[in-house]
Structures are given as C-alpha cells and as structure tokens.
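Comments concern the structure below.
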Amino acid sequence: MNYFLLKTEPTDYSIDDLRRDKKTSWGGVRNFQARNIVRDEIKKGDFCIIYHSSCVIPAAVGLGEIVKAPYPDLMQFDSSSKYFDPTSKKDDPRWFAVEVKFKEKFLAPLPLEKMRTIKELSDMRLLARGNRLSFMSLSKMHFEIIKKLSS
DNA sequence: GCCAACGTTGGC
DNA sequence: GCCAACGTTGGC
C-alpha cells in the first residue's frame with residue numbers, strides 16, 4: 001500500500017466534484033516527473049490525499065482511492081482537448097491517467113500554511129521550495145498525520 | 001497581478 | 001550537450 005498526494009485547482013476540479021462524480025479519470029498530467037510517478041509507482045488500492053492549489057486557501061481537502069491502475073490518458077489524442085499532445089503516438093503513449101474514487105471530504109481541511117508549522121511534515125515534498133509536481137508520493141507517516149489533523 | 005522557481009525547447 | 005529564452009506553476 002502506497003500513499004500519494006494529488007493536486008488539483010478547485011476551479012478546475014474540486015473535492016466536491018469528485019464527491020458528486022463518485023470517481024473520475026484523473027489525467028492531464030503533462031510533466032515528465034509526475035508522469036513517471038503515475039505510470040510507474042501508483043497501483044490499484046493505493047490511497048491519495050487530494051490537495052487544492054492555486055486558490056484562496058491551498059489545503060489538503062480529502063481522500064481518494066486508486067481503483068484502476070495507470071492507463072493511457074485519452075485526452076492526449078483528442079485534438080479538441082487542452083491536454084492534446086500531437087507528438088504522442090497511440091502505440092507509444094506519453095501520458096497516463098488513473099481512476100480515483102472518492103473516499104472522504106475532510107471536515108477540517110488542512111491548509112498549506114498550517115502544514116508548514118508541523119515539524120513531522122517538514123520534509124514533505126509538497127513543502128519543498130519550488131515544488132511543482134501535481135502527483136507526488138507521500139510517506140505513510142505524512143499520510144497518517146494529515147488524515148488525523150483534518151478529520 | 002507579481003514573481004520566484006522550475007521545466008521544456010531549440011539553436012548552436 | 002550546453003544554455004538562453006520562453007512557458008508554466010502556484011503561493012502570496
């Protein structure tokens with residue numbers, strides 16, 4: 001069992017959207033480092049913290065479960081999609097997605113500002129300088145702390 | 001809206 | 001393969 005943190009902009013797709021949809025194809029990752037995490041590390045049954053970025057209060061807002069292993073992100077082949085990638089080939093897809101199921105919306109979302117004050121979270125990737133990954137792995141300890149502080 | 005930080009692209 | 005220019009992310 002592994003743990004991850006998934007970023008999303010709430011104006012684009014929020015935890016409420018995920019709760020409404022029950023589950024969703026989580027794609028649109030167009031960064032090679034994040035792509036490698038999606039393609040090579042995430043497995044069915046893994047848990048993920050959902051994080052809202054680029055908003056008034058950036059925060060960990062909920063919990064999801066990976067219910068389908070990585071598969072090619074179909075948006076890369078869709079010329080009408082903003083995630084269209086003309087250089088990606090169907091027999092050698094460049095970008096991947098996973099299916100995420102809604103598990104929980106945190107009663108007390110944990111703001112980024114608060115996370116920075118918690119010693120046990122200080123080595124978390126999310127808090128690193130210039131961090132820009134939309135998918136990142138999370139240690140079990142970090143996962144447990146975030147969950148405990150926001151439930 | 002600003003800007004620091006980082007990734008990607010492309011000329012050489 | 002270097003590196004300048006450019007684009008994007010994301011907190012503030």
Subject >> A:Y13/A:D21 under side-chain hydrogen bond (donor to acceptor under 3.5 Å, both in side chains): CA gap, chis, key distance, verdict >> reply: CA-CA 11 Å; A:Y13 194 82; A:D21 296 342; 2.6 Å; yes
Would you tabulate the side-chain donor-acceptor contacts of residues 50-57 of chain A under 3.5 Å, counting partners in other chains and residues two or more places apart, or write 'none'?
| from | atom 1 | to | atom 2 | distance (Å) |
| --- | --- | --- | --- | --- |
| A:H52 | NE2 | A:I15 | N | 3.1 |

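For the pair A:R30 CZ and C:dT9 P, the interatomic distance rounds to 11 Å; values are reported in whole Å. In this structure, A:R35 atom CZ and B:dT8 atom P are separated by 10 Å, rounded to whole Å. A:L133 has its CG atom 10 Å from the C1' atom of B:dC6, to the nearest Å. As rounded to whole Å, 10 Å separates atom C1' of B:dG7 from atom CH2 of A:W95. In this structure, A:I57 atom CD1 and C:dC12 atom C1' are separated by 13 Å, rounded to whole Å. The CG-P distance, from A:N31 to B:dC6, rounds to 13 Å in whole Å. In this entry the distance linking CD of A:Q33 with C1' of B:dA5 reads 13 Å, nearest Å. At whole-Å resolution of the value, CG in A:L112 and P in C:dT9 are 18 Å apart.
The shortest distance between the side-chain N/O atoms of A:R129 and the OP1/OP2 oxygens of B:dA5 is below 4.0 Å. The shortest distance between the side-chain N/O atoms of A:Y51 and the OP1/OP2 oxygens of C:dG11 is below 4.0 Å.
No side-chain donor from either of A:R125 and A:S137 sits under 3.5 Å from a side-chain acceptor of the other.
Distance from the side chain of A:R132 is smallest to C:dT8 among C:dG10, C:dT8, C:dC12.
Aromatic ring pairs are classed by plane angle as parallel below 30°, tilted from 30° to 60° and perpendicular above 60°; the pair A:F47 and A:Y3 is parallel.
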